[in-house]
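See structure below.
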Amino acid sequence: MNQDALKQAVAQAALAYVPEGEIIGVGTGSTANFFIDGLAAMKDRIVGAVASSEASAQRLAGHGIRLFDLNEVDALSVYVDGADEIDAGFAMIKGGGAALTREKIVASVAQRFVCIADASKLVEVLGRFPLPVEVIPLARAQVARELQALGGRPVWREGVVTDNGNVILDVHGLEIRDPVMLESLLNQIVGVVTNGLFARRPADVLLLGTAQGVQQRVRGG
Ligand code: 5RP
């Protein structure tokens, strides 16, 4: 099975987590796109979706799925999204698609985060995938200096502007042994909007696509 087939398999499996008659949170990226396409087949059984990016919003709307602004919604029972890396405690690196800020916001409202990922995303220690950090444009050079002082090698993702009008620094060379601590630390840097560590609010369920099939893992289970 190639990586796309694994992504498609986990996206399909995630449909079982979609509650009928509700609004659900939807992530961003190629795995999330497979999920959105699968959701189209059951669109009459949900009320609609809150999207974590303009790209996902467009794809959802293209399937005729009703979109809701997060401000119109009190609670979401489920949020489904991919990850760039995930560890055994279900802490993740996200933001490869530059949607980390809205992803983290929508995920924070959801009772259950279902991560859909192919087996290549499961790692022992986070950090081989460069950690995305969304930064206010004016602060880019200063934040880069701060990230360097913390031992990282920030690289400006040139040409990319986030849905929020900001820029992304991808931080290479980190070996993230304490993702909760690093997530909090990076949040303290003036000019940082969000960092791509999802450790303080990790996933609750991991649907992992392997050559042997989709494994369902529950945090703490
Ligand atoms: C986008 C993300 C994605 O979830 C992450 O990059 C995984 O993407 P893909 O499913 O394409 O491998 O965080 O900002």
Side-chain angles (χ1 to χ4, degrees), residues 1-15 17 24-39 49-60 70 76 78-87 90-108 110 112-123 126-135 155-157 159-172 174 176 179 183 186 192-210 214:
M1 257 202 204
N2 65 26
Q3 199 180 16
D4 269 357
L6 297 178
K7 289 180 178 188
Q8 205 158 8
V10 290
Q12 197 62 32
L15 296 174
Y17 286 85
I24 64 160
V26 176
T28 299
S30 56
T31 318
N33 280 345
F34 284 125
F35 173 71
I36 293 170
D37 295 346
L39 200 58
V50 174
S52 62
S53 63
E54 298 298 332
S56 289
Q58 260 186 28
R59 199 175 187 98
L60 286 157
L70 188 62
L76 296 168
V78 71
Y79 175 72
V80 179
D81 199 357
D84 297 302
E85 283 186 349
I86 183 163
D87 71 11
F90 291 7
M92 295 165 281
I93 286 182
K94 291 183 49 53
L100 59 162
T101 298
R102 294 191 189 190
E103 291 174 339
K104 203 176 269 195
I105 294 169
V106 181
S108 77
R112 185 188 247 180
F113 188 136
V114 177
C115 177
I116 47 177
D118 65 85
S120 70
K121 308 289 184 66
L122 184 62
V123 298
L126 298 170
R128 186 174 303 167
F129 189 93
L131 178 65
V133 179
E134 181 165 350
V135 176
V155 176
W156 177 23
R157 208 185 292 179
V160 171
V161 177
T162 70
D163 285 348
N164 315 305
N166 299 313
V167 297
I168 299 282
L169 294 172
D170 291 308
V171 190
H172 296 245
L174 295 174
I176 305 170
E183 182 177 0
L186 296 179
V192 167
V193 177
T194 317
N195 71 81
L197 278 170
F198 285 54
R200 290 159 55 87
R201 200 272 178 259
D204 301 296
V205 174
L206 169 60
L207 299 175
L208 191 70
T210 75
V214 176

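Indexing begins at 1, ligand by ligand and atom by atom, following the structure's order.
Looking at Asp170 and Arg157, a side-chain N of the basic residue comes within less than 4.0 Å of a carboxylate O on the acidic one, giving a salt bridge. Ion pairing between a basic and an acidic side chain is recognised when a charged N comes within 4.0 Å of a carboxylate O; Lys104 and Glu134 show no such pairing.
Both tests hold for Lys94 against Phe198: distance to the six-membered ring centre under 6.0 Å, angle to the ring axis within 45°.
When heavy-atom distances to ligand 1 are checked against 4.0 Å, the residues falling inside are Lys7, Thr28, Gly29, Ser30, Thr31, Asp81, Gly82, Ala83, Asp84, Lys94, Gly95, Gly96, Gly97, Ala98, Ala99, Glu103, Lys121, ordered by chain and number.
When side chains are defined from C-beta on, Leu100 does not count as touching Thr162, because their heavy atoms never get closer than 4.5 Å.
Between the CG atom in Leu186 and the CG atom in Asn195 there is a gap of 4.5 Å [rounded to 0.5 Å].
The 12-atom threshold is not exceeded at CZ of Arg128, counting heavy atoms of other residues, nucleotides or ligands nearer than 6.0 Å.
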